[in-house]
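Per chain, numbering begins at 1; letters A, B, ... match sequence-line order. Fair warning: this is a prediction, and the values are worked out from it, not measured in the lab.
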Protein chains: 2
Amino acid sequence: MTATETTPAQQPQAPATSATAPLFAGRALRASGKVLPEHARSHNRSLVLQTLYTQGAQSRADVARETRLTRVTVSDLVAELIAEGLVVELGQREDARPGKPATLIDVDRAGFHVVALDLSEHTRFRGAVLDLDGGIVARAEVALDGATGERAVELIVELLDGLLALTTARVLGIGVGSPGVVEPNGVVRSAPNLGWTDLPLQERLTAAFHLPVHVANDANVAVLAEHATAPGDLILVKVGHGVGAGLIVGGRPVLGAGSAAGEIGHVVVGTDGGPRCACGKHGCLESWLAVPRLTAELERLGTTDAAASAREETLREAGRRLGIVLAPVVGALNLSEVVLSGPTELLDGPLLEAAVETLRNRTMAEHHRDLRLRMTAHGQDIVLRGAAVMVLSGQLGVS
Amino acid sequence: MTATETTPAQQPQAPATSATAPLFAGRALRASGKVLPEHARSHNRSLVLQTLYTQGAQSRADVARETRLTRVTVSDLVAELIAEGLVVELGQREDARPGKPATLIDVDRAGFHVVALDLSEHTRFRGAVLDLDGGIVARAEVALDGATGERAVELIVELLDGLLALTTARVLGIGVGSPGVVEPNGVVRSAPNLGWTDLPLQERLTAAFHLPVHVANDANVAVLAEHATAPGDLILVKVGHGVGAGLIVGGRPVLGAGSAAGEIGHVVVGTDGGPRCACGKHGCLESWLAVPRLTAELERLGTTDAAASAREETLREAGRRLGIVLAPVVGALNLSEVVLSGPTELLDGPLLEAAVETLRNRTMAEHHRDLRLRMTAHGQDIVLRGAAVMVLSGQLGVS
DNA sequence: TTTGTTCGTAAGGTTTACTAACAAACGTGA
DNA sequence: TCACGTTTGTTAGTAAACCTTACGAACAAA
């Protein structure tokens, strides 16, 4: 031990300290409550459902192999699920194999509908009936006409009445993507555009329709749709009248200490000022990137060929600003995927290209080789799809 | 339904789409493997240990009330823990209460030591023996003298030999905070300063000492210490020769897609250039904030009274740059706590003040009313403490 | 001394998922 | 054609886990 200097007791400048009380008194070791065998069963029940849902029709033995549960246990769980009507038998497997022919089972995909609402647009509330695979069965919408407060809630109830009338199967639940800050219990703490403050929307709708209701912020809902089709940590940036984001970190949605995660619209970009924002600050992300600002700017420049490069530069600049704000987030969380949602004609082109370039130039390339920045594949329906995922996850998945 | 427009089938521009394959085929519903009753028991076992650890000596009945398990179950679990030597009986409770006097039990705090290493300094490896409460029992260190690669590993082994000789109780495990990118399995993928690439440090040390070994990035380890004393989501920024960060989101450490979460040292700050960084870019956070750069700048300005305001401005500017980088992260994650670790004489003063101010000016105040930015209370020992937490959590906690 | 309280343990029951064994149903090959 | 192997799904029994119920021990207060 030539190079080692041990200082067991005597060391003047850095004495050995002894804590009197437990130093790590916080939640270093996370206590998440007791677990009973019945909780284990409900977990395994969900596991079977998930396997069927994601992998499609298959035999009990297939599920057993996939989940590593035994055939006996799977049979038992499936019997329970069939009794509840969540799973159905589809008859015998067609293909010719040795051994007893398998009885195919699957989630009763035709037996359930989900109702989803997107409250994030400024002029209307959109809604849809979806099947369990995320396919949109029917749509409905209602014009806002400036309605706020209680009148807006009434419109939601009317819209849901109409949608529920369009369902042709049992309704698994109602999912709502709302603007503003929404607490985990479905209370809209603050949605300025709708004039809502501490509105218990989930409770209200549950009381009105006697169905499971899930309410969350629109961007936080949208990221669920994206995560459902592309697993892995990601941030979804939703560009509309405002700019919001939803994050999945460690496989879980991020809510934040004040349920305000993803509220990046009013983060200031760069150190060179910028347009004045409605919030009073200069150079907020929204003041660069929000749709009204971009369309107004493009309109100002005109549609002539001569102004084409100026229009493109406007979009590139917005993209650069987005990249500047995202760089610290992508770096700190080591995200592998950034997804944009909003008007394709504005976002998908120079704006997206500039954002990628900026993001790469401002982070350490070595750590983000496989970083992808792309448009969502869900288009305008991303919030509706995400709301459906939220209901599916809440009603069928591991809570 | 006056204002509601339902469009069940006919809607030209936005037809009802029907997904052919399960749309949500990803991991929307997270499948985390089957759960057996024995897993439930090990969970409850940890729950009892956690309760004892955080709340101190108490009776079995106290633990039962706290955990909501029955006295019978707690007795059973405690018997198992006593047999394993993790828990000890301390005799009867002193105070006078009606009923049968309680037998106090507690984690065997005097019976275990943890060995921790901090490899993040440039000139030396530091190590310590800690008791279960995080108190430092003994210290040791070894000078690096420019050692890299295999020689650096040898120094670690020598240091651990010395530390293990100083332990006077059973050793629960070894925790190591290493610079660079460390994968979850304890492989150091890249640590340029030490010349390490894909070094299986955890495996090497386990083989050498036959003890549980946990290895993680130094900043990611440090944030564990902070989280242990202050629950809630937080980011810890560690300022030293470089700048790194560790994050706790949703109560869990963030690792990132490439295990490189927290690597914010080379994120570019602002839109006005900045000092040239070793990585080639201009205006990286490190080029503003790293200790060598700050001390060099302060030295250049001199120690005269006349230069006092210039020195302060240097620190304020560094603080502002930190605030600029943190604003999008704090906004996106809605963090309530930012903690700084590093030389107090540099960080705790104008730098920290400027960072708070900048952070507040660049985010939406409404969402961050209770945002706190402060120095760590762990001082220089934060990585050692965090490494101990990592071992405690891994060996005693819910995995 | 009596009464009520609290602690820890013992006994028995329920739930859970496991292993072992088996019948049914099918292809394969002699 | 028929024995054989394979696969499926079920039945029966076992081990583990936590529960409820009950009880003796030990104490304070009346």
The residue, B/Val72 or B/Glu80, whose nearest nucleotide of DNA chain D is more 5′ is B/Glu80
Can you tell me the distance, in whole Å, between the CD atom of B/Glu89 and the C1' atom of C/dG8? 10 Å
Could you give the NE2-to-P distance, from B/His39 to D/dA15, as a whole number of Å? 20 Å
Nearest whole angstrom, please: distance from the P of C/dA21 to the NZ of A/Lys100. 19 Å
Interatomic distance where CD belongs to A/Gln58 and C1' belongs to D/dG9 [whole Å]: 15 Å
Modelled atom types, side-chain donor and acceptor of B/Asp62 and B/Ser59, under 3.5 Å: yes
What is the distance from CG of B/Asp76 to P of C/dA11, rounded to the nearest Å? 14 Å
In Å, rounded to the nearest 0.5 Å, how long is the span from CG of B/Leu49 to CG of B/Asn44? 11.5 Å
Rounding to an integer number of Å, can you tell me how far A/Arg45 CZ sits from C/dT15 P? 16 Å
Earlier contact from the 5' end, DNA chain C, for A/Gln92 and A/Val74: A/Val74
On DNA chain D, nearest-nucleotide positions of A/Arg60 versus A/Gly99: which is more 5'? A/Gly99
Per B/Arg71 side chain, nearest of listed nucleotides D/dC18, D/dA26, C/dT9: C/dT9
Between D/dT8, C/dC18, C/dA17, which nucleotide gets closest to the side-chain atoms of A/Thr70? C/dC18
Could you state the atom-to-atom distance from CZ of A/Arg93 to P of C/dA24 in whole Å? 22 Å
Nearest-nucleotide pick for B/Pro37, side chain only, options being C/dC18, D/dG9, D/dA17: D/dA17
Would you please test B/Arg60 and B/Glu89 for side chain to side chain contact (heavy atoms under 4.5 Å, CB included) and show each step? CA-CA 10 Å; B/Arg60 292 169 173 84; B/Glu89 289 196 335; 2.7 Å; yes
Looking only at the side chain of B/Asn44 (C-beta and beyond, no hydrogens), which of the listed nucleotides C/dT16, C/dT9, D/dC18 gets closest? D/dC18
